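Starting off with a structure, shown below.
Source: prediction; values computed, not measured.
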Amino acid sequence: MHWSAVSPHDQGTWRRYAVALALFAAGCASAPPPPSIVGLWRAQEIAGSPVPGDARITLSLYADGRAVGRAGCNNYITSYRQTGDAISFAPAASTRMACAQDIMTLEQSYLDALAAVTHAARQADDTLALTSDAGARILFHREEAASLQDARARGIDFRAAGQEPAWIVELKLGDHITAMLDYGSTSVTLPTPRGETAADGTEIYDATTDTDHLVLSIKSKICLDAMSGEPHPSTVDLTVNDKAYRGCGDWLD
């Protein structure tokens, strides 16, 4: 419709309608999502106190809401919910090892602070600040393994590794599975079938070619790396041509 085809009164009505519609559309436009906080973070400061260099306090956040880490002495597991910059953590369950009293005190301070967190902000210098309503802050620095960063950059969806003998498996959903076995001396690549879920929640990927058969089983159960002691959210069983391997794995975001 041309403006000349309507009266001045109608022209004004249409203009007001167009402005209102534009404002409504702008108000309904979704805000950009906050930067991802998925990954491995190491605590640098808890409630204003620096974390000693010889104390290792970590937080690994996963896209499915799981969180695991080391609290100084013990490993812990929890879950989190995030909506925009709002975040909350469920009560953490941890192992029951005993360490020096100063480490145990630091550990309790960290777990208490984590339980009180209500806001998350990933900052420009690649630090993560978790803050409570009272203003207490836990400051983390990104510390993800280079192997996971590289796998994520290549579009890998799941990566697992184990020891004795060392092995790695990488899964790209709808594409392929690659297993590097026996310290890298053997490598097999197979197309990935659709995964199946067992009654206990274990995800199973079974792939076969004319020469190889691979079964990858991923269970949502905390797993400690045999070399570093770092916790991972998935326990993995891998069978390649009837040879069995066990290790730890991570879903990548």
query = How far apart are the closest heavy atoms of Val236 and Ala160, and which atoms are they?
reply =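 Minimum heavy-atom separation between Val236 and Ala160: CG2-CB, 3.8 Å.
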query = When Ile, Leu, Val, Met, Phe, Trp and Tyr are grouped by side-chain heavy atoms lying under 4.5 Å apart, directly or through other members, which residues fall in the same group as Ile168?
reply =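 For the cluster that includes Ile168, the remaining residues are Met180.
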key: Candidate pair His213 and Asp242, rule side chain to side chain donor-acceptor pair (under 3.5 Å), full reasoning   = CA-CA 8 Å; His213 180 210; Asp242 297 323; 5.6 Å; no
task = Output, in order, the C-alpha distance, side-chain angles, deciding distance and verdict of side chain to side chain contact (heavy atoms under 4.5 Å, CB included) for Leu214 and Leu238.
result = CA-CA 7 Å; Leu214 179 152; Leu238 174 68; 3.9 Å; yes
ask   = With sequence neighbours left out, what residues match Tyr62 under ring pair (Phe, Tyr, Trp, His ring centres under 6.0 Å)?
value =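 Scan of Tyr62 (ring pair (Phe, Tyr, Trp, His ring centres under 6.0 Å), adjacent residues dropped) gives none.
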ask   = In terms of side-chain heavy atoms, does Arg142 have a donor or acceptor partner in Thr127 at a distance below 3.5 Å?
value =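 Per modelled atom types, Arg142 and Thr127 side chains form no pair under 3.5 Å.
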query = Rounded to the nearest 0.5 Å, how far does OG of Ser187 lie from CG of Leu181?
reply =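 Reported value, rounded in 0.5 Å steps: 7.5 Å.
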inquiry  = Could you measure the distance from the CG atom of Leu128 to the CZ atom of Arg122? Nearest 0.5 Å is fine.
reply    =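 Going from CG on Leu128 over to CZ on Arg122, the span is 8.0 Å.
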query = Which atom pair, heavy atoms only, marks the closest approach of Gly195 to Tyr205?
reply =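 In terms of heavy atoms, the two residues are closest at CA-CE2, 3.4 Å.
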ask   = When you look at Leu171 and Ile156, which way does the side chain to side chain contact (heavy atoms under 4.5 Å, CB included) test go after all the steps?
value = CA-CA 6 Å; Leu171 166 65; Ile156 299 300; 5.6 Å; no
task = Please collect all side chain to side chain donor-acceptor pair (under 3.5 Å) contacts where either partner lies in residues 41-52, sequence neighbours excluded, each pair once.
result =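 Listed once each, the pairs are Glu45-Arg137.
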key: Of all pairs that satisfy disulfide (SG to SG under 2.5 Å), the ones with a partner from residues 152-212, not counting sequence neighbours   =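 Residue pairs passing disulfide (SG to SG under 2.5 Å), neighbours aside: none found.
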message = Apply side chain to side chain contact (heavy atoms under 4.5 Å, CB included) to residues Val117 and Ser132 and explain how you reach the verdict.
response = CA-CA 4 Å; Val117 161; Ser132 72; 5.6 Å; no
Main-chain N/O of Gly84 paired with Gln82 side-chain donor or acceptor, under 3.5 Å =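 Indeed, once roles are kept as given, a pair shorter than 3.5 Å links the two residues.
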task = Could you note down all residue pairs passing side chain to side chain donor-acceptor pair (under 3.5 Å) where residues 191-200 supplies at least one of them, sequence neighbours left out?
result =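 Checked against side chain to side chain donor-acceptor pair (under 3.5 Å) - neighbours excluded - the pairs reaching residues 191-200 are Asp200-Thr202.
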ask   = Can you pull the ring pair (Phe, Tyr, Trp, His ring centres under 6.0 Å) pairs that have at least one residue in residues 93-140, sequence neighbours excluded?
value =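 Of all non-adjacent pairs touching residues 93-140, those that pass ring pair (Phe, Tyr, Trp, His ring centres under 6.0 Å) are Tyr76-Tyr110.
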request  = Quick one: list whatever passes salt bridge (Lys or Arg N to Asp or Glu O under 4.0 Å) with Lys221, sequence neighbours left out.
outcome  =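 Testing Lys221 for salt bridge (Lys or Arg N to Asp or Glu O under 4.0 Å), a comparison that skips the adjacent residues, returns none.
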query = With sequence neighbours left out, what residues match Ile77 under side chain to side chain contact (heavy atoms under 4.5 Å, CB included)?
reply =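 For Ile77 the side chain to side chain contact (heavy atoms under 4.5 Å, CB included) partners, ignoring immediate neighbours, are Val68, Ala93, Ile222.
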key: disulfide (SG to SG under 2.5 Å): pairs with one or both residues in residues 118-205, sequence neighbours excluded   =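 Applying disulfide (SG to SG under 2.5 Å) to every pair that reaches into residues 118-205, excluding sequence neighbours, yields nothing.
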inquiry  = Restricting to non-hydrogen atoms, name the atom on Leu190 and the atom on Ala207 that form the minimum distance, rounded to 0.1 Å.
reply    =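 Here Leu190 and Ala207 meet closest at CD2-O, 3.5 Å.
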request  = Considering non-hydrogen atoms only, spot the tightest contact between Val240 and Ala179 and give its length.
outcome  =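 Shortest heavy-atom separation between Val240 and Ala179 comes out as CG2-CB, 4.4 Å.
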request  = Find out if a path of hydrophobic residues (ILVMFWY) with successive side-chain heavy-atom gaps under 4.5 Å connects Phe158 to Ile204.
outcome  =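 No, Phe158 does not connect to Ile204 through the hydrophobic network.
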task = Taking only Lys NZ, Arg NE, NH1 and NH2, and the carboxylate oxygens of Asp or Glu, determine whether Lys243 and Asp182 approach each other closer than 4.0 Å.
result =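 A salt bridge links Lys243 with Asp182.
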ask   = Same cluster or not: are Phe89 and Ile57 linked, directly or through other Ile, Leu, Val, Met, Phe, Trp or Tyr residues, by side-chain heavy atoms under 4.5 angstrom apart?
value =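 Hydrophobic grouping puts Phe89 with Ile57.
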key: Side chains of Ser234 and Asp250 in contact at under 4.5 Å (non-hydrogen atoms)   =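 Sidechains of Asp250 and Ser234: no contact.
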query = What distance separates Trp167 CH2 from Thr186 OG1, expressed to the nearest 0.5 Å?
reply =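 Result: 14.5 Å between the selected atoms.
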key: Nearest-0.5 Å distance that lies between atom CD in Gln163 and atom OH in Tyr245   =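 Rounded to the nearest 0.5 Å, the CD-OH separation comes to 13.0 Å.
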message = Show, in sequence, the C-alpha distance, side-chain angles and deciding distance for Thr178 and Thr189, and conclude whether the side chain to side chain donor-acceptor pair (under 3.5 Å) test is met.
response = CA-CA 4 Å; Thr178 297; Thr189 298; 3.1 Å; yes
ask   = salt bridge (Lys or Arg N to Asp or Glu O under 4.0 Å): which pairs involve residues 48-63, sequence neighbours left out?
value =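 Residue pairs with at least one partner in residues 48-63: Arg56-Glu143, Arg56-Glu230.
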ask   = Side-chain heavy atoms under 4.5 angstrom apart, residues restricted to Ile, Leu, Val, Met, Phe, Trp, Tyr: same cluster for Leu130 and Leu139?
value =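 Unlinked, Leu130 and Leu139 end up in two clusters.
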request  = Only counting residues at least two apart or in another chain, list the ones meeting salt bridge (Lys or Arg N to Asp or Glu O under 4.0 Å) with Glu170.
outcome  =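 Here the qualifying residues are Arg154, Arg159.
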inquiry  = Assigning hydrophobic clusters by single linkage (Ile, Leu, Val, Met, Phe, Trp, Tyr; side-chain heavy-atom cutoff under 4.5 Å), is Leu40 placed with Leu148?
reply    =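 Leu40 does not cluster with Leu148.
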inquiry  = Quick check: is Leu111 connected to Ile87 through a chain of hydrophobic side chains (ILVMFWY, heavy atoms under 4.5 Å apart)?
reply    =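 Ile87 and Leu111: one cluster.
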request  = Can you see which heavy atom on Ser220 is nearest to which on Arg66, and at what distance?
outcome  =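 In terms of heavy atoms, the two residues are closest at OG-NH1, 2.8 Å.
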ask   = If you measure only the distance, is there a donor-acceptor pair under 3.5 Å linking the side chains of Thr118 and Asp133?
value =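 A pair is found: one side chain offers a donor N or O, the other an acceptor, under 3.5 Å apart.
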Under 3.5 Å, sequence neighbours excluded: what are the donor-acceptor pairs made by side chains of residues 96-107?
{"residue": "Gln101", "atom": "NE2", "partner": "Thr105", "partner atom": "OG1", "Å": "3.2"}
{"residue": "Thr105", "atom": "OG1", "partner": "Gln101", "partner atom": "O", "Å": "3.0"}
{"residue": "Glu107", "atom": "OE1", "partner": "Cys73", "partner atom": "N", "Å": "2.9"}
{"residue": "Glu107", "atom": "OE1", "partner": "Asn74", "partner atom": "N", "Å": "2.7"}
{"residue": "Glu107", "atom": "OE2", "partner": "Asn74", "partner atom": "ND2", "Å": "3.1"}

message = Can you tell me how far apart CG (Leu114) and CG (Leu59) are? Round to the nearest 0.5 Å.
response =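 Going from CG on Leu114 over to CG on Leu59, the span is 6.0 Å.
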request  = Indicate the atoms forming the closest heavy-atom contact of Cys223 with Gly247, along with that distance.
outcome  =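 It is SG-O, 3.5 Å.
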message = Test your reading of the model: is there a side-chain donor-acceptor pair from Asp157 to the backbone of Lys172, 3.5 Å cut-off?
response =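 No, Asp157 side chain to Lys172 backbone: no donor-acceptor pair under 3.5 Å.
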